[in-house]
Amino acid sequence: MHRTLLVRRYFLCAAIFTLLLLVSPSFAQQQPWMNSQLSPDARADLVLKEMTLDEKIDLLHGNGLAGWTKPYFNASLGNGGAGFVLGVPRLGIPMIQMSDAAYGVRASALNGRYSTALPSNLAAAASWDTQAACEYGALIGRELRAQGYNMTLGGGTNLTREPRNGRTFEYQGEDPILAGTLVGNRMKCEQAQHVLGDIKHYAVNDQESGRNEVNSIISKRALRESDLFAFQIGIVIANPSAVMCSYNAVNGDFACENKYLLTDVLKKEWNFPGFVVSDWGGTHSTVKASAAGLDNEQPLDDFFGQKLKDAVESGKVPRSELDEHVRRILRSEFASGIVDFPTKRSVVDVEGGFETARRIAEQSTVLLKNSNGMLPLDGTKLHSIAIIGPHADTSMISGGGSAQVDPPGQPAPKWLDHVWFPTSPLKALCAKVPSATVSFDSGANPGSAAELAKKSDVAIVFAVQWTSEGMDLPNLSLADNQDALIEQVAAANPHTIVVLETGTAVTMPWLDKVSAVVEAWYAGSKGADAVANILFGDVNPSAKLPMTFPRSEADLPHPQLVIPPPEAQGRAAVMKSGEAKPTFAVNYDEGLKVGYKWYDAEKLPVLFPFGFGLSYTAYAYSGLKVNPGKETTVTFTVKNTGSRAGDEIAQVYAALPANAGEPPKRLVGWNKLHLNPGESREVTIKVPVEYLSIYGENPDGWKLVPGSYTFMAGPSSRDLPLGSTVDLQ
Ligand code: BGC
């Protein structure tokens, strides 16, 4: 239908609907599908019966995004987010207003709004804390609704197979059980605020280089036990409204038209009742994508607009298939509560957001090194502190791309701008030691920074690694001469502390020369206060790495990042023959060996292992007992042997029987314990059989390999003082 006519039709319907509401205020409520006692499925079926073909098509595609190819004709109906889907006003079905919201709601500046920046998703994963994940999601859910959005595009779940991936900060690390559990808890609580929840990018979108063109090649077993397992766990916990299929192809078929991923696994095997939304521009076909299980194209209607209507009318897409797409969207709208609880604009709770952001940042900051009790700093003994590093006087760096949260007081950043959040390490540290001299040097000239360090009691270097969607890092070194800066400062002052603001792992050639290292990640709106609280011991660090820090890129499964040749890049290359085809491949031949599983299997030393993190107190582990059964339980005691209260993340790993053909061990559970000095507590961790199973091919399916299982417990993946072997059948 002609666009102008479409707009007219939409406004006419809206006007008639409004008129009806005025005549009879209870009109919408009187519709049978407005009965909230009915199940979401029943309500969806009732609405579906009333819908015309055009209304159905309207639900299956977006209506543009500012800056995306051409402005769409009805762009003014949007809420300023990444996309929107028309509702059916005459039936009381609202529009879906979507916003990116990885670590906070995106695009505030352009829309004249404000959002809290939480610590990055990777940072929050370092808390290993399901309650923190829940608070994270709930805050974002509240801020989305306050701004008029009813769908989040957050929920990054991809595993860190490739630590140079520029989006590593948007994900939850390298272990499927940790990542799936945390994203599930985050999305469950976000969705409880009555927004449509989404987890993404399904699947194996594990690098940004050539993301639209790449064919991710991976064995079925490795796929199911690693990347897909994280999604599976997340989906079971959160029951999200939507799953976003990714840009890349997986084993030959683009993810958004990949029947194995979307239908066989997601919808049939996992019984996912929600809808599949394409990543932005990730749809490449009409008939194939629809048959494979894609339900909603974003951000436009290239394939799921007129072409889909034609395909339905000519019988190429069965009406039942079309209805299935529509039903899934309607069902999610009812299940999430966006119909029963329409958004109400309100002012974001700025102070409450600060409080949550700071608390989660404190729980996310990992103490990596602390020689001779350098930390915590004792304010009463310090006369002078040198604060060194780019912008450390005013702000801390944040992660870029569609995850970007806009900083208050600054204009809207452009794509790939480095965005500094106004949380000032200098100010936060000054507040801790009002009587000491606190001086700042940007580090641009390492010589002058070293001079300042020399005449100070301690030197704190804030080192920065910026990453973003749309790029990968060439390597894991700190850029812009920062390694040399740290070397020089450390040579000038033996009491040098490095605070890292990074989106992924970094190599640390200077590690032996500094006294302490703190990983603060992208720490969000209140990052500086959190770091100051950790450095001065107001908070005892408890976070543990959700990913391995390797010694060098040479130790990675793929020492060289695989990048596409120039002629194989871009939409034109992919769509060349009219039928979309990936143009180059990354072969994930490390298979099951993701992250620590790789370094363990290859017997490689690492810089800092998965699960590692220090505290200002010490813990002792004892008395492991394993009770095998349908749900195996692992019991042991943790004692705080130091003089400060603290939270310990106690971890349990399992080594499967040798004939299972698995990497040496896998994380199967953990517990975060608060322990006062001298206190000990027995902890019991339940290990579901799924966490001990493998995915067999021929015949396909999960199975427990009968044999000897060794359960190990301790403070990190490479420090497991307790072990016990049992037989499981
Ligand atoms: C990203 C998605 C994002 C979408 C909308 C894409 O480029 O890959 O994660 O949700 O844009 O902004």
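We count ligands from 1, going down the list as the structure has it; atoms in each ligand are counted the same way.
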Stepwise, does the ring pair (Phe, Tyr, Trp, His ring centres under 6.0 Å) test hold for Phe304 with His61? CA-CA 6 Å; Phe304 274 33; His61 64 82; 8.8 Å; no

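- Looking at ligand 1, you'll find an N or O of Arg106 within less than 3.5 Å of one of its N or O atoms.
- Protein heavy atom closest to atom 9 (O) of ligand 1, with residue, atom name and distance, is His201 NE2, 2.7 Å.
- Looking only at protein heavy atoms, the nearest one to atom 12 (O) of ligand 1 is Asp100 OD2, 2.4 Å.
- Taking all heavy atoms of Val277, Asp198, Asp279, Leu153 into account, the minimum distance to atom 4 (C) of ligand 1 is reached by Asp279.
- A donor-acceptor contact shorter than 3.5 Å is absent between the side chain of Asp406 and the backbone of Tyr114.
- Among protein heavy atoms, atom 7 (O) of ligand 1 sits closest to Glu469 OE2, 2.6 Å.
- Between Trp521 and Phe549, the ring planes lie perpendicular to each other; the angle is over 60°, past the 30° to 60° tilted range.
- Of the residues listed (Leu228, Asp227, Thr157, Asn158), the one engaging Tyr202 in a side-chain contact (heavy atoms from CB on, under 4.5 Å) is Leu228, and it is the only one.
- Residue contact check: Met244 has heavy atoms under 4.0 Å from atoms 10 (O) of ligand 1.
- Residue contact check: Tyr247 has heavy atoms under 4.0 Å from atoms 6 (C), 7 (O), 8 (O) of ligand 1.
- In summary, the atoms of ligand 1 found under 4.0 Å from a heavy atom of Ala82, numbered by their order in the structure, are 5 (C), 12 (O).
- Residue contacts with ligand 1, taken as heavy atom pairs separated by less than 4.0 Å, involve Arg167 solely via side-chain atoms from C-beta onward.
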Pair His201, Tyr171 - check side-chain hydrogen bond (donor to acceptor under 3.5 Å, both in side chains), show working. CA-CA 10 Å; His201 308 87; Tyr171 302 131; 2.8 Å; yes

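- Contact analysis puts Arg211 in contact with ligand 1, with a non-hydrogen atom separation below 4.0 angstrom.
- Ligand-side atoms of ligand 1 in range of Lys200: 2 (C), 3 (C), 9 (O), 10 (O), range being under 4.0 angstrom from any heavy atom.
- Remark: the backbone N or O of Gly141 is not paired with any side-chain donor or acceptor of Gln193 at under 3.5 angstrom.
- For the residue pair Glu143 / Thr116, a side-chain donor-acceptor distance below 3.5 Å is found, with atom types taken as modelled.
- Other residues, nucleotides and ligands contribute more than 12 heavy atoms inside 6.0 Å of the CG atom of Leu561.
- Not a single heavy atom of Glu170 lies less than 4.0 angstrom from ligand 1.
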